[in-house]
Amino acid sequence: MHSFHYTSDSLHCEGVDLETLSKEVGTPAYVYSATTIRDNFRSLHKALAPLKHRICYATKANSNLAILRLLVEEGAGFDIVSGGELFKVLRAGGRADQCTFAGVGKMPHEIEYALSQGVYCFNVESEGELDLINFIAGKLGCKAPIALRVNPDVDTPTHHYISTGKNKNKFGIGLDRAEEVYTHAASLPHLTIRGMQTHIGSQILTATPFVEAIKKLTPLIQSIRKRHALEFFSIGGGIGIVYEEALASGDPAWWKERKNGAQLSAEDYASAVLEPLQQLELPIFLEPGRSLVGNAGVLLSKALYRKETPKKNFLIVDAGMNDLIRPALYQGYHEIVPLQRHPNRALEKIDVVGPVCESGDFFAQERMLSRMEVGESLAIMSTGAYGFVMGSNYNARPLPPEILIEGKKVTVVRRRQSWEDLVRGEIIT
Ligand code: LLP
């Protein structure tokens, strides 16, 4: 569920009319609903109540400080993948001892920073990394807490770029080698073994692969526990969200129907994983990103031109692939809706494209949409996760602002970049 809805044919986020807002803040602009994020967090927390658990929000999905702060308020821990993300979490008021540090390529200065701040655990992905963390901890005169990320080799029905749980992926340590690597970790003087982690991929819409991963890892966890006192098992992130017809989610009847279809609610997920996780008799960590913030964000954009050719019709809008790269990179589908709905207008088949000089710069191709005129504005739905954070200054386009709404309260939580921002740090020799 989320807090975007039409009232008298005007799209609102919570209590705010987005057409009016778009005129005030300009376009393109990201808009987030705080209530949706809080609701998503609370639903997951509630669904997992029978388990001793900690939700470590995957910071990479959306690392705006205001969103991190909101999740600190909700009691989240954080999964981070860089020194920069740890810096942001701390700046937002998060605690290092509630952070897990993931990623295959942790750099020495990041490890040193994370150790000095006292992160809860490094989720380690190779023996080389174990050795480096051990060395740096020795240099600092401390013991580094670690878990191994184990790759369970399960099939995940998702885009191949975001599937991580097969042994052909670069992630984690193979199931067949994990015991040996734990033994190696235990032999290193400056490491403390804390747990085990896995993450099988992202945008997964059925609970089956999660259950399969837990079942495949259970014998390993039991065997490791005989030798090392594990404090947690992390099942990672990956719960998928609805992208198609995302707006229809305001209607409870629609959701009910959808229940057996293409969405994985917190309740569905929990009811599948609770039992196998309970059998581990360990505190459980989760690292959700998309499922907390994905449907809490939209990208507002304005139609600049209409271009009709013998082959195709194009609506050229002021947001581009530099603002939202998911369609170009993963053929990601995002629903597109007008800020002002005109129920009597005819549908037309159209490509919605941006101003960037690449044919991959599109948000929709040959999509049936209600006709839109130049100057009218639209919302690209479900862009709260992996939207702004994957943005770039390609084509020297300033990054859009980010706006957080709670009820009727509107806060610009990141201002629009200026042209001056584009040249900051550059030097003419
Ligand atoms: N934990 C680890 C170790 C991860 O690598 C990720 C995501 C997560 C948790 C969070 O997964 P989530 O709950 O958000 O599915 N840019 C892509 C998604 C990349 C996901 C990378 N890892 C996209 O836009 O679809």
Side-chain angles (χ1 to χ4, degrees), residues 30 37 40-41 43-44 48 54-63 67 71 76-82 85 99-106 121-126 129 147-152 156-166 169-173 195-207 209-210 213 232-243 263-266 269 273 284-297 299 321 323-334 363 380-392:
Y30 275 99
I37 301 173
N40 288 341
F41 184 88
S43 307
L44 187 59
L48 295 164
R54 182 189 290 173
I55 300 177
C56 293
Y57 167 64
T59 309
K60 64 169 83 68
N62 186 326
S63 61
I67 286 180
L71 286 160
F78 295 88
D79 185 58
I80 53 164
V81 289
S82 66
E85 283 192 353
C99 286
T100 50
F101 192 165
V104 290
K106 301 178 189 76
C121 196
F122 291 89
N123 292 340
V124 176
E125 306 220 16
S126 65
E129 188 191 327
L148 294 189
R149 172 170 177 174
V150 181
N151 187 328
T156 43
T158 187
H159 191 278
H160 59 283
Y161 280 9
I162 54 176
S163 161
T164 55
K166 285 298 280 180
N169 300 124
K170 68 179 176 183
F171 298 100
I173 290 159
M196 189 184 293
Q197 191 260 6
T198 194
H199 171 75
I200 56 173
S202 194
Q203 184 56 13
I204 301 170
L205 288 163
T206 145
F210 296 106
F232 76 94
F233 170 67
S234 173
I235 177 69
I239 305 172
I241 62 165
V242 172
Y243 281 103
Q263 71 134 350
L264 183 57
S265 68
Y269 173 80
V273 299
I284 301 300
F285 287 12
L286 291 97
E287 302 160 8
R290 190 190 317 262
S291 57
L292 297 187
V293 295
N295 67 358
L299 175 59
M321 66 190 287
D323 303 304
L324 175 69
I325 202 172
R326 298 197 73 262
L329 197 55
Y330 317 109
Q331 295 76 48
Y333 183 102
H334 289 267
F363 298 114
I380 307 176
M381 303 297 292
S382 307
T383 48
Y386 308 111
F388 182 89
V389 283
M390 293 181 78
S392 76

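In what follows, every heavy atom counts, from backbone to side chain, and hydrogens, waters and symmetry copies are set aside. In listed order, ligands and their atoms are each counted from 1. Index from 1, following the sequence.
Heavy-atom proximity to atom 21 (C) of ligand 1, evaluated over K60, Q197, M390, is greatest for K60.
For ligand 1, the atoms lying closer than 4.0 Å to a non-hydrogen atom of R149 are 3 (C). Less than 4.0 angstrom separates some heavy atom of E287 from each of these atoms of ligand 1: 1 (N), 2 (C), 3 (C), 8 (C), 9 (C), 10 (C), 13 (O). Near P288, meaning under 4.0 Å from one of its heavy atoms, ligand 1 places the atoms 13 (O). Each of the following atoms of ligand 1 lies closer than 4.0 Å to a heavy atom of A58: 8 (C), 9 (C), 10 (C). Against a heavy-atom cut-off of under 4.0 Å, R290 is close to the following atoms of ligand 1: 12 (P), 13 (O), 14 (O), 18 (C), 23 (C), 25 (O).
With a 6.0 Å cutoff to the six-membered ring centre and a 45° limit on the axis angle, K106 does not count as a cation-pi contact of F122.
Y386 places none of its side-chain heavy atoms less than 4.5 Å from the side chain of Q203. Under the 4.5 Å side-chain criterion, counting only non-hydrogen atoms from C-beta, R149 is in contact with Q197.
Only the side chain of D79 comes within contact range of ligand 1, with a heavy atom under 4.0 Å; no backbone atom does. With a 4.0 Å heavy-atom cut-off, ligand 1 is reached by no atom of A61. Within the 4.0 Å heavy-atom criterion, the part of R326 lying near ligand 1 is the side chain and not the backbone.
Under the side chain to side chain contact (heavy atoms under 4.5 Å, CB included) criterion, V389 pairs with S63, sequence neighbours left out. For the side chain to side chain contact (heavy atoms under 4.5 Å, CB included) test, residues two or more places apart in sequence or in another chain that qualify with V273 are F210, V211, I214, Y269, L277.
Annotation: G238 places an N or O atom under 3.5 Å from an N or O atom of ligand 1; distance criterion only. Of the N or O atoms in G289, one or more lie within a sub-3.5 Å distance of an N or O in ligand 1. Note: an N/O pair closer than 3.5 Å links Y386 and ligand 1 by distance alone.
Side chains of D79 and T100: a donor-acceptor N/O pair is present below 3.5 angstrom, by distance only.
To the nearest 0.5 Å, atoms CD (E287) and CD1 (I80) are separated by 11.0 Å.
Heavy-atom distances between S291 and ligand 1 stay at or above 4.0 Å for every pair.
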